[in-house]
Amino acid sequence: MKEIKIRLLKANEIECRVQQVNKKGCIALIYKDARVDMKILDEVFGIDGWQRTHEVINGNLFCTIEIWNSDLKTWVKKQDVGIESKTEKEKGEASDSFKRAGFNVGIGRELYTAPFIWINLDENETTERDGRVYLAPSIKFSVKSISYDENRDINSLVIVDQKGKIRYTMGNVSSPTTESKKSEPKIKEQEIKPLTEKEQVLNFLSNNSGASEYYGKQYGVKTIDAYTEEQYVEIYNSLKINKKI
């Protein structure tokens with residue numbers, strides 16, 4: 001059977017959104033849009049080589065992506081559950097379950113290796129309302145470039161604002177965006193600092209809303225930056241045991 005490899009995401013296929021904000025800065029996440037999943041499924045398997053269905057199981061909406069295996073003459077299924085959107089419950093939950101099922105196929109799985117992204121903010125880039133701090137509506141962030149190592153892990157990342165100003169960098173960013181180790185310059189070991197246990201936990205919870213919700217309920221915490229240092233260690237050990245990080 002011929003091995004089919006899902007390609008890595010390009011910079012223009014990755015979205016950037018702000019998760020939490022205070023007057024000093026914000027935590028940003030990088031993620032894929034459901035349209036990217038559809039594009040890559042069409043690209044790799046053909047428009048008639050895959051299909052999707054949704055079903056409610058125990059009150060939760062699941063999505064199943066089926067891919068046609070011509071050697072076995074059968075559909076191969078990948079399934080996952082969605083988390084409802086705060087604005088459009090049904091649509092958001094359907095889209096989220098589709099994207100999660102896409103991760104199981106292998107689309108965008110490299111995003112799980114994203115670093116903890118902190119962006120410093122100026123005073124005029126935030127606004128306060130009802131005692132809460134929000135990002136000013138005019139401030140937008142996007143991924144300018146990204147590259148990966150031989151293990152398909154992110155090893156460089158550049159995020160810019162709406163004016164094209166660089167606001168976050170990770171790794172060697174002196175060269176153009178690359179998608180494989182072959183065309184990228186070698187990165188010296190000392191240029192990339194290993195993530196601390198706390199940063200690994202924050203990164204994982206930022207990119208996994210289901211896990212974030214689970215640990216939030218377990219510890220009675222509403223935001224991922226509100227855990228105590230001891231709780232970060234406990235969560236890290238739990239994720240490590242379950243081979244999540």
Any [X] side-chain heavy atom under 4.5 Å of [Y] side chain:
X	Y	value
Asp71	Lys73	no
Gln20	Thr223	yes
Thr126	Val21	yes
Val160	Lys165	no

Kindly check if the number of other-residue, nucleotide or ligand heavy atoms within 6.0 Å of [atom1] ([X]) is above 12?
X	atom1	result
Lys99	NZ	yes
Glu123	CD	no
Ile57	CD1	yes

Testing the basics here: between [X] and [Y], what is the closest heavy-atom pair and its distance to 0.1 Å?
X	Y	result
Ala101	Lys78	CB-O, 3.9 Å
Ile14	Leu111	CD1-CD2, 4.1 Å
Trp75	Asp48	CH2-O, 4.2 Å
Arg52	Cys63	CB-SG, 4.3 Å
Ile67	Val105	CD1-CG1, 3.8 Å
Ala28	Cys16	CB-SG, 4.1 Å

Check your understanding: Do Phe141 and Tyr168 pass the side-chain contact (heavy atoms from CB on, under 4.5 Å) test, and can you show the C-alpha distance, the side-chain angles, and the key distance before you say yes or no?
Key -> CA-CA 10 Å; Phe141 300 113; Tyr168 175 87; over 6 Å; no
Would a single hydrophobic cluster contain both [Y] and [X], if residues Ile, Leu, Val, Met, Phe, Trp and Tyr are joined by side-chain heavy-atom contacts under 4.5 Å?
X	Y	value
Phe116	Val201	yes
Val221	Tyr236	yes
Tyr219	Val233	no
Leu239	Tyr214	yes

Let me confirm one number: the [atom1]-[atom2] distance from [X] to [Y], rounded to the nearest 0.5 Å.
X	Y	atom1	atom2	answer
Leu29	Ile117	CG	CD1	7.0 Å
Leu202	Gln19	CG	CD	9.0 Å
Ile146	Leu8	CD1	CG	8.5 Å
Ile159	Leu157	CD1	CG	4.5 Å
Ile235	Ser212	CD1	OG	9.0 Å
Leu41	Ile107	CG	CD1	4.0 Å

Has the side chain of [X] got a donor or acceptor atom that lies under 3.5 Å from a matching backbone atom of [Y]?
X	Y	answer
Glu110	Ile154	no
Ser97	Glu93	yes
Asp149	Asp153	yes
Arg129	Tyr134	no
Tyr227	Gly216	yes
Asp130	Arg132	no

Start with the C-alpha distance between Ile27 and Val18, add both sets of side-chain angles, then the distance that settles side-chain contact (heavy atoms from CB on, under 4.5 Å), and finish with yes or no.
CA-CA 6 Å; Ile27 297 173; Val18 170; over 6 Å; no
Using 4.0 Å as the upper bound for N to carboxylate O, is an ion pair formed by [Y] and [X]?
X	Y	result
Glu13	Lys39	yes
Lys198	Glu229	yes
Glu125	Lys23	no
Lys140	Asp161	no
Glu43	Arg7	yes

(message) Assess the residue pair Trp50 and Asp42 against the criterion (side-chain contact (heavy atoms from CB on, under 4.5 Å)); give the C-alpha distance rounded to whole Å, side-chain angles, the decisive distance to 0.1 Å, and a yes or no.
(response) CA-CA 8 Å; Trp50 69 278; Asp42 284 347; 2.8 Å; yes
side-chain contact (heavy atoms from CB on, under 4.5 Å) with Phe98: of Asp37, Asp80, Leu61, only one passes, and it is Asp37
Check whether the side chains of Gln218 and Glu234 place a donor and an acceptor atom closer than 3.5 Å, and report yes or no. no
- Query: Have Tyr215 and Ser238 got a donor and an acceptor in their side chains that come within less than 3.5 Å?
  - Reply: yes
Exercise for the section: Test Val36 against Ile40 for side-chain contact (heavy atoms from CB on, under 4.5 Å), laying out the working first. Expected result: CA-CA 6 Å; Val36 172; Ile40 294 180; 3.9 Å; yes
Worksheet item: Would Thr113 and Tyr148 satisfy side chain to side chain donor-acceptor pair (under 3.5 Å), going step by step from the backbone distance to the final call?
Response: CA-CA 10 Å; Thr113 69; Tyr148 312 89; over 6 Å; no
_Ring-face cation contact, Tyr31 with Arg17, 6.0 Å cut, 45° max_ = yes
*Below 6.0 angstrom between ring centroids: does that apply to Phe103 and Tyr112?*
yes
